[in-house]
Amino acid sequence: MTAHSAARASRQKRQQQIVDHVLAKGDASVAELTELTGVSVMTVHRDIAELADRGILRKYHGGVSAQPSTVFESSSDFRLHAHTGEKEALAGAALEFVTPGMSLMLDDSTTALAFAKLLPQVGPLTVVTNYRLITEELRPVEDVRLIGIGGEYSRTHDSWIGLSALEMIKSFSVDLTVVSTSAITGTMTYHQEQEIVALKRAMREAGSVSVLLMDHSKVGRSALHRLDPVRAFDHVVLSGPVDEGLVAEMRKLTDVRVVSADSA
């Protein structure tokens, strides 16, 4: 191995160590990461900058975070380990909308992934998705006809996005769309990224019936970009505990169901 190759391997190993630590804790200070890795403060700053440019972590003064904010969507790796029990309960509730022979479109949310894991119970189905992990989950299932949405690969979302993905989504008409997003108030849904808003909106429009799945951490919050009004979704499924006033407000607009993580 050349000196250059050895240095690159060392950098990759160190950056993975940083990512694993931040994903596990949610955030970390530069001093904490310097002690963890045993390198200089400047080296840690360079690592953080590179990881932020790749969309894996978010920089802030004095540290780095994997947590979502109103303008930053956390990476797929972080979302995979958040509110897993609630996502399983939401997925189980959404399965009630599925019957054999249907066509479904699923977005790149980890909640949709939890839902996809239950689909082999139903079959046969046609599933359209842009999320790599859903394609991996359903690839071995013989009863599922799997259609992948192509485009520009996003490492942050672990999915295919961009104009070509958007055009492909618009070419479909499916029986059911199941999506999640970053935030919801009593009347509006939101996401931090305009490009993702366009994809999710097109997915909702592609479905004869649309289902929105939201864990409690997203309820009563907003983000930078408006996605769709709550009334645009045929069904909204929330995991509790959620504010009863917000639920009552949503129920004036569409069908709203609240499930408990205990039902997973």
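What you see below is based on every heavy atom in this structure, not just the backbone, and it leaves out hydrogens, waters and symmetry mates. Note that the structure is a prediction, hence the values are computed from the model and not measured.
- The closest side-chain heavy-atom distance from Met203 to Asn130 is below 4.5 Å.
- A salt bridge links Arg14 with Asp47; the closest basic N to acidic carboxylate O contact falls under 4.0 Å.
- Taking a cutoff of 4.0 Å between a charged side-chain nitrogen and a carboxylate oxygen, Glu32 and Lys25 qualify as a salt bridge.
- Atom OG1 of residue Thr111 and atom CD of residue Glu88 lie 11.0 Å apart, to the nearest 0.5 angstrom.
- Separation of atoms OG1 (Thr34) and NE2 (His45) is listed at 7.0 Å; rounding is to 0.5 Å.
- At a threshold of 4.5 Å between non-hydrogen side-chain atoms, the residues Thr126 and Val144 do not count as touching.
- A distance of 11.0 Å separates CZ of Arg257 from CG of Leu213, quoted to the nearest 0.5 Å.
- Aromatic pair His235/Phe97: ring centres closer than 6.0 Å.
- Using a 4.5 Å heavy-atom cutoff, the side chains of Leu33 and Ile48 are in contact.
- Using a 4.5 Å heavy-atom cutoff, the side chains of Leu119 and Leu95 are in contact.
- For the pair Ser109 and Tyr131, the tightest heavy-atom approach, listed with the atom from each and the gap, is O-CE2, 3.5 Å.
- Other residues, nucleotides and ligands place more than 12 heavy atoms under 6.0 Å from the CZ atom of Arg251.
- Counting heavy atoms from C-beta outward, Gln15 and Leu51 have side chains that approach closer than 4.5 Å.
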Legend entry - side chain to side chain donor-acceptor pair (under 3.5 Å) between Ser239 and Lys87, worked out: CA-CA 8 Å; Ser239 64; Lys87 291 171 184 176; over 6 Å; no

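- With a 4.5 Å cut-off on side-chain heavy atoms, Asp143 and Leu125 do not count as touching.
- In this structure, a donor-acceptor pair under 3.5 Å is absent between the side chains of Lys200 and Ser180.
- Looking only at distances, no side-chain donor or acceptor of Thr110 sits under 3.5 Å from a matching main-chain atom of Leu113.
- Each of Thr181, Val237, Val178 was evaluated against Leu212; a single residue qualifies, Thr181, per the side-chain contact (heavy atoms from CB on, under 4.5 Å) test.
- In this structure, NE2 in His21 is found 9.0 Å from CG in Asp27, a value given to the nearest 0.5 Å.
- Other residues, nucleotides and ligands place no more than 12 heavy atoms under 6.0 Å from the CD atom of Glu35.
- Taken from CG in Leu146 to CD in Glu137, the straight-line distance is 11.0 Å, to the nearest 0.5 Å.
- The two atoms that bring Thr189 and Asp228 nearest to each other are OG1-O, 2.6 Å, heavy atoms only.
- How far CG of Leu199 is from OG of Ser159: 8.0 Å, rounded to the nearest 0.5 Å.
- Contact check for Ile161 versus Tyr153: no side-chain heavy atoms found under the 4.5 Å cut-off.
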Inset, instruction - Mind running side chain to side chain contact (heavy atoms under 4.5 Å, CB included) on Val179 and Phe233 for me, showing each step along the way? - result: CA-CA 10 Å; Val179 299; Phe233 296 92; 3.9 Å; yes

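- Nearest heavy atoms, Gly150 versus Trp160: C-CB, 3.9 Å.
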Legend entry - side chain to side chain contact (heavy atoms under 4.5 Å, CB included) evaluation trace for Thr129 with Met105: CA-CA 6 Å; Thr129 187; Met105 185 175 289; over 6 Å; no

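- Arg226 approaches Arg201 most closely through the heavy-atom pair O-NH2, 3.2 Å.
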Legend entry - Stepwise side chain to side chain contact (heavy atoms under 4.5 Å, CB included) test for Arg231 and Lys252: CA-CA 9 Å; Arg231 66 174 178 270; Lys252 295 176 183 178; over 6 Å; no

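- The cluster map of Ile, Leu, Val, Met, Phe, Trp and Tyr, joined by side-chain heavy atoms under 4.5 Å apart, puts Leu133 and Leu104 in the same cluster.
- Val230 and Met188 end up in different hydrophobic clusters when Ile, Leu, Val, Met, Phe, Trp and Tyr side chains are linked at under 4.5 Å.
- Residues Val122 and Leu106 share a single hydrophobic cluster, defined by chaining ILVMFWY side chains whose heavy atoms lie under 4.5 Å apart.
- Closest approach of Asp175 to Met102, counting heavy atoms only: OD2-CA, 3.3 Å.
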Legend entry - Worked check of side chain to side chain donor-acceptor pair (under 3.5 Å) between His225 and Glu193: CA-CA 7 Å; His225 297 286; Glu193 300 171 52; over 6 Å; no

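- By the 4.5 Å heavy-atom criterion applied to side chains, Arg221 and Ile184 are not counted as neighbours.
- Between Leu90 and Leu238, the shortest heavy-atom distance links the atoms CD2-C, 3.6 Å.
- Between the side chains of Thr135 and Arg132, no donor N or O sits under 3.5 Å from an acceptor N or O.
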Legend entry - side chain to side chain contact (heavy atoms under 4.5 Å, CB included) evaluation trace for Asp108 with Asp158: CA-CA 8 Å; Asp108 60 0; Asp158 201 1; over 6 Å; no

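- Both Val258 and Leu246 belong to a single network of hydrophobic side chains, linked directly or stepwise wherever heavy atoms of I, L, V, M, F, W or Y lie under 4.5 Å apart.
- Residue Phe172 is grouped with residue Ile196 when hydrophobic side chains (ILVMFWY) are merged at heavy-atom distances under 4.5 angstrom, including chains of intermediate members.
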